[in-house]
Amino acid sequence: MIAVTPVIDRWARLDLFRQMLRIRRIEEEVARRYAQGHMRCPVHLSIGQEAAAVGACAALRPTDSIVSTHRCHGHYLAKGGDLPAMIAELHGKATGCCGGRGGSMHLFDPDAGVLASVPIVGSNVPLGVGAALAAKQRRRPDVAVAFFGDGAFEEGVVHEAANFAGCHRLPAVFVLENNLYSVYTRIDARQPERPLAAFAQTHGMPVEHVDGNDVVAVYEATTRAVVRARRGDGPSMLVVDTYRFLEHCGASDDDHLGYRPAGELADWRERCPIARMRAELCDAGELDAAIERAMEHAIATEIAEAFAAADAAPFPAASTAMEGVHA
Amino acid sequence: MPDAARTLAPRIVTAADAIREATAAAMAADDRVFVMGEGATDPKGIFGTTTGLLEQFGPDRVMEMPVAENGWTGIAIGAALCGQRPILVHQRVEFCLLAMEQLVNNAAKMHYVSGGRHRVPIVVRLVVGRGWGQGPAHSQSLEALFAHVPGLKVVMPSSAADAKGLLLGAIADEGPVVVIEHRWVHYASGHVDPAPVAMELDGPRRLRQGGDCTVVATSYMTLETLQAVDALADAGCGVDLFDLRVLRPLDTSAIAASVRRTGRLVTVDTGHATYGIGAEIAARVCAEAFDDLRAPPRRIGLPEHPTPSSRTLAEAYYPRSPSIAATIGEVCGLPARVIAELGDKLSRERDSVPLDIPHPSFKGPF
């Protein structure tokens, strides 16, 4: 990869921290309220994986695109997706980003460059490559980032899309978040032992393997990939190691199910991306209790307003269900 | 040539050439239109339907594809979400089966799920194979699979004029349109307007008028059925013949109105009869014109087994004009003798052409 290290000052670091904290608090509130039964759609929380979303999206412009997966809350929020529209969508309300037609797995916000989230594993990746193709064809200086997981790595369509991006040197960045599990099945039961990063070489693109719980590392690596893409040098890949704290789908802990090796979850909680950055910022004297309190207060206010708005919003009228089948 | 003479003189071209004309015209008119396909730039040019486009528009707009159908279908959808208007070409319907995930989950639903904000203006051209022993996985007519999915539009041209006009209509459409071309329709020729006039994707067209039976055919079977219907007319049996053209959205109002007059319905599919297009039309006609039916609707389609390769096995596989005429004749209560004479006449007309090729000029392999 090229030797670019973005300049990142205290305020940029504080903002990366704030964004991770915001996603964490939003998803914690979704989890806290989930059992009330007002959000009647599946939710795939990204608690524990915030650094990958925030670090990657911080390297992008609003005109750049991302495509996400069933686990899209963090990506959507990190790219600037509208919070009230997300919460309303989870409630099935008319004010949701999809007007109640998608639910939590279809979050999108074209104004913020969240092109699409789709819940078929791997299915979003060619959409991102298509956005990169359109940017090249229209000679727009835009970059597309495709988020996918270790499960999607097993899908042929991901390799098909990467092959195409490599062949045409498209401005795309493939961000593979390896959280070790596809639902309840660990990667070693699904794949041979191999470096996931070898994928990139196969498709003719450079790769960086980064600690996915180090938001600054993800940001810096993504920035290098984005600079490369924007100047016409083609796609790159990032392999980002991270870990999901809660169950695959739903709002609860699931360590009692026994599918994770004993102690693994506790180890990864020790490596929580938010706690880790808080410690680093405090050690450096860049974050103190007053700043964090102010962040927490602003986030809590925003969340309360989003949930109140979703509660108050109307449901879509059943009579509108036939609308918009054809453009 | 003066304008008046140009409009009077028929301009006979094949459907394959008409498709190429439509594509070139759409690409010239709008630089967001581009072609993607395995073989789109090769010497054969998708049966001649993309020949010359590479030279005219260059490799950025006539893009050769890797053998990765689901991948490049998703890439096309992503590009369409960003304002481009790709035309995807598959040399066989079966190749697109690998892309059903993208087509059904993403292309068909993006506009709906986004509350109307996203548009997916893609055209997916699929070719149905037939004959020359192509066998079970190169000659399936699977339009019912595509026509089942809300959000897709599905059209099947049966003439050169429709091949051009419906393709232009599909390219102009703001949503995903699947254009299913029968390989044997590529050889069909007729007058084609030199101007790029997009047809509305608006439903069936009446090809023959008659009072005894309503017949609805699709794609290549329209051509076989036309021969049957003209022979029936000579025998005094009048058929109201519709070429369905647009499978989804399906407009059966003209068909139902016809059945109210004729009291009889026969459908002729290029695909399997069971769960096929004819089944849907028959169900709708029964719902809309039950009291006027004088005979049970009949469906003609492929038998319930895969397409065999050997011509001895395949000979009875495809309905042809004699068997179509026989079914319509039975429904209309024609005497067995008349039906037999019709069959003999239609078979004699076909005699010089082997049953596994579309046209005497055809020398294989595709």
Side-chain angles (χ1 to χ4, degrees), chain A residues 65 67 89 94 96-103 105-106 108-111 115-120 122-138 140 142 144 146 155-168 170 172 316 320-327, chain B residues 31-34 36 59-61 63-86 98-122 149-153 173-177 201 248-249:
Chain A
S65 293
V67 289
E89 188 62 33
C97 59
C98 305
R101 290 170 168 209
M105 297 188 281
H106 288 273
F108 86 115
D109 185 342
D111 297 332
L115 187 64
S117 305
V118 296
I120 304 302
S123 180
N124 62 315
V125 176
L127 301 180
V129 172
L133 174 63
K136 187 178 180 189
Q137 288 175 323
R138 305 315 302 177
R140 290 191 293 248
D142 301 339
E155 291 282 5
V157 75
V158 172
H159 298 268
E160 294 178 14
N163 173 70
F164 186 92
C167 181
H168 291 279
L170 299 181
T320 64
M322 266 307 294
E323 293 172 5
V325 175
H326 296 292
Chain B
D31 71 0
R32 299 169 302 171
V33 177
F34 68 104
M36 312 167 82
D60 291 340
R61 293 187 64 203
M63 298 186 73
E64 191 57 45
M65 285 295 114
V67 189
E69 294 78 9
N70 205 35
W72 56 265
T73 301
I75 289 163
I77 296 166
L81 292 175
C82 296
Q84 298 294 82
R85 304 181 77 88
L98 290 153
M100 283 304 254
E101 191 281 309
Q102 286 294 332
L103 202 56
V104 173
N105 285 323
N106 292 337
K109 294 173 178 54
M110 279 282 176
H111 181 68
Y112 185 82
V113 171
S114 68
R117 284 206 65 177
H118 273 324
R119 290 181 173 196
V120 187
I122 67 170
V149 180
L152 298 181
K153 292 183 181 178
D173 199 278
E174 290 298 328
V177 183
L201 310 183
R248 178 180 275 273

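Proteins get letters first, then strands, A, B, ... in listed order; numbering begins at 1 in each.
Taking the side chain as every heavy atom from C-beta outward, A:Met105 and B:Val113 never approach each other to under 4.5 Å. Taking the side chain as every heavy atom from C-beta outward, A:Ile120 and B:Glu101 approach each other to under 4.5 Å. Residues A:Pro110 and B:Leu81 have side chains not in contact (no heavy-atom distance under 4.5 Å, counting atoms from C-beta outward).
In this structure, the portions of B:Arg32 lying under 4.5 Å from any heavy atom of chain A include both its backbone and its side chain. Only the side chain of A:His168 comes within less than 4.5 Å of a heavy atom of chain B; its backbone N, CA, C and O stay farther away. Heavy-atom distances place no part of A:Ala172 under 4.5 Å from chain B, backbone and side chain included. Interface residue A:Val118: only side-chain heavy atoms are found under 4.5 Å from chain B. Residue contact with chain A, scored on non-hydrogen atoms closer than 4.5 Å, is absent for B:Leu98. With a 4.5 angstrom heavy-atom cutoff, A:Leu133 touches chain B only via side-chain atoms.
By number of non-hydrogen pairs under 4.5 angstrom with chain A, the leading residue of B:Gly151, B:Gly175, B:Gly115 is B:Gly151. Taking chain A as the reference chain and counting heavy-atom pairs below 4.5 Å, the highest number among B:Pro150, B:Pro176, B:Ala80, B:Ala79 is found for B:Ala79. In terms of non-hydrogen atom pairs under 4.5 Å with chain B, the most contact-rich of A:Ala131, A:Gly96, A:Pro119, A:Gly99 is A:Ala131. The candidate with the highest count of non-hydrogen atom pairs below 4.5 Å against chain A, out of B:Met65, B:Glu174, B:Arg119, B:His118, is B:His118.
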Practice prompt. Would you sort out whether B:Asp31 and A:Gln137 count as a side-chain contact (heavy atoms from CB on, under 4.5 Å), showing the intermediate values?
Written response: CA-CA 10 Å; B:Asp31 71 0; A:Gln137 288 175 323; over 6 Å; no
Discussion item. One pair to check against side-chain contact (heavy atoms from CB on, under 4.5 Å): A:Arg140 and B:Cys82. What are the steps and the verdict?
Written reply: CA-CA 11 Å; A:Arg140 290 191 293 248; B:Cys82 296; 3.9 Å; yes
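The two residues B:Gln84 and A:Ala134 have their closest heavy-atom pair at CG-CB, 3.8 Å.
There is no side-chain donor-acceptor pair under 3.5 Å between A:Ser123 and B:Asn105.
Atom CZ of residue B:Arg248 and atom NE2 of residue A:His326 lie 6.5 Å apart, to the nearest 0.5 angstrom. Atom CE in B:Met110 sits 9.0 Å away from atom CZ in A:Phe108 (nearest 0.5 Å). Annotation: the span from B:Lys109 atom NZ to A:Cys98 atom SG amounts to 14.0 Å, rounded to 0.5 Å.
B:Tyr112 places a side-chain N or O within donor-acceptor distance of the main-chain N or O of A:Ala321, the cut-off being under 3.5 Å.
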